[in-house]
Amino acid sequence: MSVRVRFAPSPTGFLHVGGVRTALYVWLFARHHGGTAVLRIEDTDTEREESGAIEQIQRSLDWLGLDFDESPRVGGPYGPYLQSERSERYQTVIERLLAQGDAYQCYQTADELELARAEARQTDDPALPTRLHRDLTADQIAAFERAGRSAVIRFRTPLEGETVLDDLVRGRVVFEHRLLGDTVLMRAGGRPTYQLANPLDDLEMGITHVIRGEDLLSSTPRQKLLIEALGGTFPETAHLSMILGADKKRLSKRHGAASVEEFRDAGYLPEALVNFLALCGWSWDGETELMSVAELIERFSLERVNSAPAVFDHEKLAWMNGQYLRGLDMAAYTAALRGYLADAGSPLADAARLEELVPLVQDKIGTFGEFDALVGSLLEQREPDAESWQKLLNDDHAARILAAAVTALDRLTVFDAETLESALRGVCEELEMKPRQAFGPIRIAITGSTVAAGLYESIAFLGRGASLARLKHAHAAVTGV
RNA sequence: GCCCCCAUCGGCUAGCGGCCUAGGCCACCGCCCUUUCACGGCGGCUACACGGGUUCGAAUCCCGUUGGGGGUACCA
């Protein structure tokens with residue numbers, strides 16, 4: 001049987017790293033097995049839905065290169081892929097469950113429920129409050145209806161026995177039925193809950209493997225029972241551990257979880273994020289770190305997914321991004337950089353000589369976000385970094401050095417990095433100074449900062465006129481003229 | 001409270017009874033390279049949560065404790 005897996009986010013906001021990791025594993029699993037990756041949007045809770053969230057999720061997946069075979073956008077044979085458009089199916093199933101006696105109306109008010117829950121805390125039957133209306137007589141139902149109460153539909157969970165789950169990453173997990181409670185399948189307003197829509201859609205969409213976060217592990221037995229009541233076979237499951245923040249707390253939207261788009265905006269490459277996330281909870285041989293998407297697809301397996309939670313390691317991601325950046329050829333680097341700058345709204349995106357700067361920065365920066373600080377001043381005239389400039393002004397040798405540099409560079413007819421190097425080394429000899437000492441003021445004069453790309457290359461890029469102008473400007477500032 | 005999951009260096013992890021005086025990567029600390037910052041190279045630091053078993057032998061299996069996480073919604 002062909003593998004069919006799904007990623008089923010709810011549109012409550014942006015896609016964060018935990019969600020993406022799940023999406024990635026789902027996608028890798030599908031691709032590895034030559035199966036089908038489905039994207040389904042679980043928008044059963046209109047209250048929590050955020051407008052634009054679906055588009056944002058789709059955009060993030062696109063950026064990462066996770067193409068889903070069936071989705072709200074591209075459609076597919078099992079659509080619609082928006083739960084809000086599948087209402088009649090849920091209604092049909094509810095009627096069937098009611099007729100079978102596997103579901104029933106529950107008329108409890110919120111207050112009654114809360115009271116019952118408070119009382120139940122003292123007993124050894126925590127699920128009791130959920131089944132108070134499980135055996136209502138026809139008269140009682142009629143009375144509630146006459147009183148104008150509306151009912152939710154609950155699943156009649158077996159009171160005895162247990163459900164065993166053989167999870168692909170967690171192994172055997174056993175749940176006692178008496179602790180499960182009677183799940184609400186349909187809200188009073190007639191809209192389904194996740195507990196109904198999710199497993200039912202999995203069944204109807206022919207999903208073979210459910211790959212999702214561990215936060216959904218405890219709802220699994222209820223879903224399995226429901227599917228079995230419907231005569232269906234519950235899919236295999238793989239529950240992934242949570243991704244934690246530096247404080248070991250679960251990463252979530254309200255807990256410092258970065259959205260995919262934040263990584264894009266910070267200058268990360270999608271390939272790097274994918275590689276990194278793949279390794280966040282999975283490993284191939286424990287040694288190999290850098291893997292292309294094709295390699296990930298070939299090597300990915302649920303068996304090698306780690307069951308322990310993982311702390312999101314920003315440092316390592318940054319390192320990995322640098323590895324990817326350094327591996328790009330000049331054309332690809334330029335294109336990616338230009339794209340990044342354009343997205344960031346930087347005027348440098350249109351710079352004609354952008355490509356010439358690639359050799360100056362490629363080995364130095366870990367994200368495109370660092371590009372501007374390093375060489376931005378070579379592309380446009382800017383105010384120097386205040387701290388660096390102060391350092392220049394405080395340097396007793398600055399005036400001599402800058403004067404000598406102006407003289408030396410003024411003589412040059414060829415203005416390439418090599419010529420500049422020998423000329424500047426000549427300056428050092430003339431002044432009897434170490435390059436370390438002499439180049440500081442020159443760098444600040446040229447780039448406006450103590451931290452910059454290679455000095456000779458920077459000067460060469462700037463060109464004779466601009467370089468001399470900057471050196472003279474700095475000289476004037478230092479001598480107070 | 002109750003239920004479920006998890007537990008190897010600071011972080012990500014390898015390890016599925018002897019190959020482990022525990023390997024790789026990131027970070028960190030030295031040194032080298034060097035025009036700053038980086039990159040790169042070399043070296044170093046540091047871990048099997050604890051207590052009981054099982055076994056000739058345990059990081060690896062079992063039980064307990066502790067700690068962390070998740071769930072306990074007419075959220076997903």
Side-chain angles (χ1 to χ4, degrees), chain A residues 8-12 42-45 47-48 106 108 110 113 117 120-127 130 150-154 165 167 169-171 173-176 179-181 183-189 191-195 197-198 212-221 239 241-242 244 246 248-250 276 279-290 303-304 306-320 322 326 361-366 370 373-374 388 421 424-425 428 434-440 442-444 447 449-456 458:
Chain A
S10 64
T12 53
E42 312 229 312
D43 53 349
T44 52
D45 185 6
E47 310 273 299
R48 296 206 319 152
C106 169
Q108 289 175 99
L113 238 187
R117 272 202 269 264
R121 261 187 269 278
Q122 326 291 71
T123 74
D124 67 341
D125 188 2
T130 67
S150 52
V152 301
I153 308 300
R154 286 186 187 271
L165 199 67
D167 192 85
V169 343
R170 249 137 256 286
V173 187
V174 181
F175 299 88
E176 275 186 79
L179 298 169
L180 260 26
T183 324
V184 173
L185 301 178
M186 192 158 274
R187 300 175 167 92
R191 295 184 68 84
T193 63
Y194 162 83
Q195 301 296 349
N198 176 281
R212 65 192 355 173
E214 195 204 321
D215 49 338
L216 297 170
L217 181 60
S218 38
S219 70
T220 308
H239 285 90
S241 294
M242 304 282 87
L244 277 23
K248 305 260 176 136
K249 296 278 187 236
R250 174 192 176 189
F276 174 78
L279 253 25
C280 202
W282 170 83
S283 69
W284 180 50
D285 59 358
E287 312 251 314
T288 312
E289 304 285 343
L290 269 19
E303 292 77 67
R304 290 196 61 84
N306 193 164
S307 54
V311 173
F312 189 79
D313 188 351
H314 277 275
E315 302 270 11
K316 187 163 178 175
L317 169 60
W319 165 81
M320 190 170 279
R326 267 160 238 129
V361 297
Q362 190 163 20
D363 281 349
K364 300 171 91 66
I365 62 177
E370 301 163 54
L374 218 51
S388 299
E421 171 164 11
L424 290 172
R425 288 199 180 275
C428 293
K434 292 276 183 201
R436 181 181 298 278
Q437 201 181 356
F439 289 179
I442 300 177
R443 167 170 295 102
I444 300 168
T447 69
S449 172
T450 54
V451 178
L455 186 55
Y456 321 128
S458 296

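Just so we're on the same page: letters track the sequence lines, and every chain starts at 1.
Residue A:S241 is classed as having no contact, given no heavy-atom separation below 4.0 Å to the nucleic acid. Looking at heavy-atom distances under 4.0 Å, A:A318 makes no contact with the nucleic acid at all. Here A:G281 lies in heavy-atom contact (under 4.0 Å) with sugar-phosphate atoms only. Within 4.0 Å of A:R191, counting heavy atoms only, lies no atom of the nucleic acid at all. Residue contacts for A:E214: at a heavy-atom cut-off of 4.0 Å it reaches a base atom on one of the strands shown. Residue A:L279 is in sugar-phosphate contact alone, with no base atom involved, counting any heavy-atom pair closer than 4.0 Å across all strands shown. Residue contacts shown for A:N306 are limited to sugar-phosphate atoms, with no base heavy atom under 4.0 Å away. Among the protein residues, A:A452 comes within range of the nucleic acid bases, having at least one heavy atom under 4.0 Å from a base atom. Within the nucleic acid shown, A:Y456 comes within 4.0 Å of at least one base atom, counting heavy atoms only. Within 4.0 Å of A:E42, counting heavy atoms only, lie sugar-phosphate atoms of the nucleic acid but no base atom. Using a 4.0 Å heavy-atom criterion, one finds that A:Q195 contacts the bases of the nucleic acid, with or without backbone contacts as well. Counting any heavy atom pair closer than 4.0 Å across all strands shown, A:L374 reaches no nucleic acid atom. Residue contacts shown for A:T44 are limited to sugar-phosphate atoms, with no base heavy atom under 4.0 Å away. As judged by a 4.0 angstrom heavy-atom cut-off over every strand, A:Q108 is placed among the base-contacting residues.
Using a 4.0 Å cut-off between charged side-chain N and carboxylate O, A:R170 and A:E214 make a salt bridge.
Residue A:S10 places its side chain closer to B:rA76 than to any other of B:rG11, B:rC74, B:rA76. Minimum atom distance to the side chain of A:V184 is reached by B:rC74, of the listed B:rU35, B:rU36, B:rC74. For A:E315, counting side-chain heavy atoms from C-beta on, the closest listed nucleotide (B:rU36, B:rA27, B:rA76) is B:rA27. Relative to the side chain of A:A310, the nucleotides B:rG24, B:rC12, B:rC6 differ in distance, and B:rC12 lies closest. Here the side chain of A:R425 is nearest to one of B:rU34, B:rG24, B:rG40, namely B:rU34. With B:rC6, B:rC26, B:rA76 as the candidates, the nucleotide lying closest to the side chain of A:D45 is B:rA76. Considering only side-chain atoms of A:R154, the nucleotide from B:rC74, B:rG71, B:rU36 that sits closest is B:rC74. Here the nucleotide nearest the side chain of A:R187, chosen from B:rC74, B:rC37, B:rG11, is B:rC74. Closest approach to the A:K316 side chain among B:rC12, B:rU36, B:rC2 is made by B:rC12 (side chain taken as heavy atoms from C-beta onward). The A:R48 side chain lies nearest to B:rA76 when the options are B:rU34, B:rG11, B:rA76.
Residues A:T220 and A:F175 have side chains not in contact (no heavy-atom distance under 4.5 Å, counting atoms from C-beta outward). By the 4.5 Å heavy-atom criterion applied to side chains, A:H239 and A:V173 are not counted as neighbours. A heavy-atom distance below 4.5 Å is found between the side chains of A:S283 and A:R304. Inter-residue side-chain proximity for A:L180 and A:P221 is flagged as met; some heavy-atom pair is nearer than 4.5 Å.
At B:rA73, one or more side-chain N or O atoms of A:R117 fall inside 4.0 Å of OP1 or OP2 (strictly under the cut-off).
When every heavy atom of A:T44 is checked against every heavy atom of A:Y194, the shortest pair comes out as OG1-N, 4.0 Å.
RNA chain B is contacted by both A:M242 and A:T288; A:T288 maps to the nucleotide lying nearer its 5′ end (nearest heavy atom per residue).
A straight line from OH of A:Y194 to P of B:rA73 spans 15 Å, rounded to a whole angstrom. Computed from coordinates, the A:L180 CG to B:rC2 P distance equals 18 Å when rounded to whole Å.
For A:K364 against B:rC39, a side-chain-to-base donor-acceptor contact under 3.5 Å is absent.
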